[in-house]
Amino acid sequence: MSDNDSKPALHFIQEIVEADSTAKRWGAWPDGRPRVHTRFPPEPNGYLHIGHAKSIWLNYGLAAQYGGKFNLRFDDTNPVKEEQEYVDSIVRDVRWLGAKWVGMHEITGKTPVSPELAEAGVLFASDYFQQMYDYAVELVKKGKAFVCDLSAEETSRLRGTLTKPGTNSPHRDRSVEENLDLLDRMRRGEFPDGSRTLRAKIDMAHPNLNLRDPVMYRILHAEHHRTGGAWCIYPMYDWAHGLEDSIENITHSICTLEFENHRPLYDWFLDAINEGRTDDGSGPWGKKIPHPQQIEFARLELTHTIMSKRKLLELVKGGHVRGWDDPRMPTLSGLRRRGYTPESIRGFCADIGVAKFNSTIEIVRLENALRDHLNRIAPRRMAVLRPLRLVITNFPDGQIEQLDAVNNPEDESAGKRQVPFSRVLYIERDDFREEPPKGYHRLYPGNEVRLRYAYFVKCTGCVKDTATGKVTEVHCTYDPATRGGDSPDGRKVKGTLHWVSAAHAIDAEVRLYDHLFAAQDPEDVPEGGSYLDHLNPASLEVLTGCKLEPSLADMKLTRDAFGTIHPDRVQFERHGYFCLDPDATPDQLVFNRTVSLKDTWAKVAKKA
RNA sequence: UGGCCCCUAGUGUAACGGUAGCACGACAGACUCUGGAUCUGUUUGUCAAGGUUCGAAUCCUUGGGGGCCAGCCA
C-alpha cells in the first residue's frame, strides 16, 4: 500500500453508519450533512452499570462522530417495575459519563438545579402512549391485530414449542368491529388485569416464536410513575420500541444481541403500519412513518463481577453490599463513589471494541484504563496505612524541617509542596523486616534506604513487645548530607520509603476494596449452587488509624448543580489511587482505594 | 427433530480474496528518589475437514463448539 495514513479501524456499526451517511440513506440535516440520530433507551427499573456505559458511549459516540443527535429516552412501558428513583439515577449517570442528549441542560455551576431542569430534554415512551394506541387501532382496522380472550397460561400453551408449531387463538378471526369495540373497552378499564390482550395477527407456525401472534397490549390497572392512572393497558416492548424510535426519527436503533430474534418483529410492526401509507400522505392511511434500522452488538461482560440487573438488585436488597453505590458494585454510581473517572470509563469503552461475539473482558482492562488516567491527573501524597514508628536516633529532638516534594512527576505544572519532617516518623509496617526475605530491599538491620524527598537512613535495630514479640518501633540513623534524598558521594540505595511525621500526621479511615467476586465467572456454579457463593469475603478491608501527611486535610468532595459527587483524587505513593468517601466528616476523613498501583514486589514475594 | 446469530494468541480486537497485525496479560531486560510510571525484547493464534481460486481468516458445503428464543418483562 502506498498510503501511509492508514484509517483507524472501524467497528461493524461504524461501517454501517459510514455507508449510510455516504448514501444519505436517512436524509440530511438542514445544513446538508447526512443524518445520524441514535438513542439510549433504558428502562427505569434499576441503576445503570458499566455495561450500560458501553451502550451509552456507543450510541452517543456515533452521534458525536457523525455530527448527529442523541436522545435519552426512558422505555417506561411497565409500571409495575419502574420508579422515579431509577429515572433520577439514570439521568445523573448518563450526564456524569459525559453524553449530551438533545435538549439537555448543561452544568453551569454548583448552584443546585431544579428536578425539571435536571430532566430537561429527557424523553419518555409513556409520552407516546396515545400515538401508539392510534397505531394499534390502525392495525386492527387493517385486520392485522385482534383482541384475544385467552389467559396467560392458555396463550403460552397454544404458542407451541421450539420444535412444534402453535395453534391459532379461537378469537383470531373476530370482526374488525368487534375488535375495535373490545380494544376500546380494554382501554376504558372495563376488563380485569390479564383477562384480554391485543395481539398481532402474524403466523402461529413461525419458527421464530416472537412472530407467533405476539401480544401488543396487556391490561394492567397499575399506577404509572408518570402517567398515573391514565392508562390501564400498556404496550409490550416489541410493539412499543420500534414506534418510539420511529416517532423520534431515530436512524440507527442499537441494542444488544438478545434482541436479534426480535428484529423481524420490529420490522413487521413498522411495515404493517406503513402498508397502505404513501410517501406524500395521499390515500386513506396517510404518510409513511420512519423505519429505523435495528443493529445488535454484544453486551459487555466482565470477569469477577455480574451485570444482571436482577442479581445486582439482590445484592442490594440482600445486604451483601451497602447499596447501589457501594464502591464494589459495577454500577456507575458505585464506580463513581469508588473514584472512577468518566474519562477512564470512556477510554475503556473505546479500548474494548464493538462486535457480535459474546466475550468477557478481563477486569484488569478496566482497572488499567483507570490507572492510565489517574496516573496523569492524580497528585501524589504520602500516607502510611499500617503505621510503625521509626525513630531517627541522631536527629535533634524537637527539630522540624520542611522538605520539598513533587506533586506529580507526570505533570510538572502540578508543582511542589512542603512536607514536615522530624525525629519520629511513621513508616509502613511492611517496609521493615527483622529478617528480610530474598530480594527485599526495604528496611532491615544494617540496611540503608531513602526516605522519599528526605534523607538516607540506616537501620540500627528495633524494639519489640516482650510479651508478644511484635515489633513496636524501629531505630535508625540518618545521614545529614543526603538532605532532599540525594547522596553527594553518589552512594546508591535500592529502596525508597514513604513516611509521615508522627507529630504532624492526621488520622484517617481507609477502605480497601477487592473484586466483589473471587471467581472469574461468578455464574459458574455447581448444581444447586449460587453466584452468591462466590462473593469475595475479603472484598472490603477497613483500616483505621492510618497516618496521612498534613496536606491531605485539604481533600474535598464536592457536589455539582445536580448533586452528583465529585471527589478529589490522589495517589498515596506506593499504594494506589484514593478518593474521599461521602461518609467522611470534618473530624473523620474516610478514603476509598480506587485502585492499587501495580505491585511487582507482591508478585515476586508470592512466587518465593 | 426448530429458527437466528457467533467462532482469529491467555483475554479482547484488526486484516473487507493478496506478508495474520495491535492492545492488555505473561515472561525477560533497561531505566527510575514510588518495587509506580516509562522504554526494549520474547512468547503464543485463524475450531475441523472438504470445495472454489494462481492465492482463503475472509467465499461455499459439512461437521464441531458457543450464545439467544417457548413473559400478558425489557
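By convention in this document, chain letters (A, B, ...) are assigned in the order of the sequence lines, proteins followed by strands, and residues within each chain are numbered from 1.
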Using a cut-off of strictly less than 4.0 Å, decide whether A/Thr496 has a side-chain nitrogen or oxygen near OP1 or OP2 of B/U32. no
Would you measure the distance from the P atom in B/C59 across to the matching atom in B/U42 and give it in whole Å? 32 Å
Check whether the ring centres of A/Phe259 and A/Tyr237 lie less than 6.0 Å apart, and answer yes or no. yes
Name the residue closer to the 5' end of RNA chain B, choosing between A/Tyr453 and A/Glu15 according to the nucleotide with the nearest heavy atom. A/Glu15
Ignoring backbone atoms, establish whether A/Asn368 has a side-chain N or O less than 4.0 Å from OP1 or OP2 of B/G25. yes
Under 6.0 Å from the six-membered ring centre of A/Phe124 and within 45° of its axis: does the NZ or CZ of A/Arg226 meet both? yes
Does A/Lys603 have a side-chain nitrogen or oxygen under 4.0 Å from the phosphate oxygens OP1 or OP2 of B/A26? yes
Which value, in whole Å, describes the distance between the P atoms of nucleotides B/U19 and B/C24? 25 Å
Polar side-chain contact A/Glu301-B/G67 base: donor and acceptor under 3.5 Å: no
Would you indicate what A/Ala355 reaches in the nucleic acid, counting non-hydrogen atoms under 4.0 angstrom: base, sugar-phosphate, or nothing? sugar-phosphate
Scan every strand shown for a Watson-Crick or G-U wobble partner of B/A28, both distances under 3.5 Å, and answer none if you come up empty. B/U40
Can you find an N or O donor on one side and an acceptor on the other, under 3.5 Å apart, linking the side chain of A/Arg442 with the base of B/G35? yes
Using only modelled atom types and a 3.5 angstrom limit, is any donor from either the side chain of A/His206 or the base of B/G3 paired with an acceptor on the other? no
Just to be sure I understand the rule, does A/Pro235 reach a base, reach only the sugar-phosphate, or reach nothing, if contact means heavy atoms closer than 4.0 Å? sugar-phosphate
What does B/U8 pair with, Watson-Crick or G-U, if both distances are under 3.5 Å? none
Does the base of B/A74 carry an N or O that pairs as donor and acceptor with the side chain of A/His262 under 3.5 Å? yes
Heavy-atom nearest nucleotide on RNA chain B for A/Thr482 versus A/Asp238: which residue maps closer to 5'? A/Thr482
Report the C-alpha separation of A/Tyr455 and A/Phe421 in whole Å, then their side-chain angles, then the decisive distance to 0.1 Å, and conclude whether the ring-ring contact (aromatic ring centres under 6.0 Å, His included) test is met. CA-CA 10 Å; A/Tyr455 293 97; A/Phe421 183 88; 5.3 Å; yes
Given that both distances must come in under 3.5 Å, which nucleotide forms a Watson-Crick or G-U wobble pair with B/A48? B/U62
Determine which nucleotide pairs with B/G2, using a 3.5 Å limit on both distances of a Watson-Crick or G-U wobble pair. B/C69
Sticking with atom P, work out how far B/G21 lies from B/U44, rounded to a whole angstrom. 12 Å
Base B/C73 to side chain A/Asn78, donor-acceptor N/O within 3.5 Å cut-off: no
Answer with base, sugar-phosphate or nothing: what part of the nucleic acid does A/Tyr237 contact at a heavy-atom distance below 4.0 Å? base
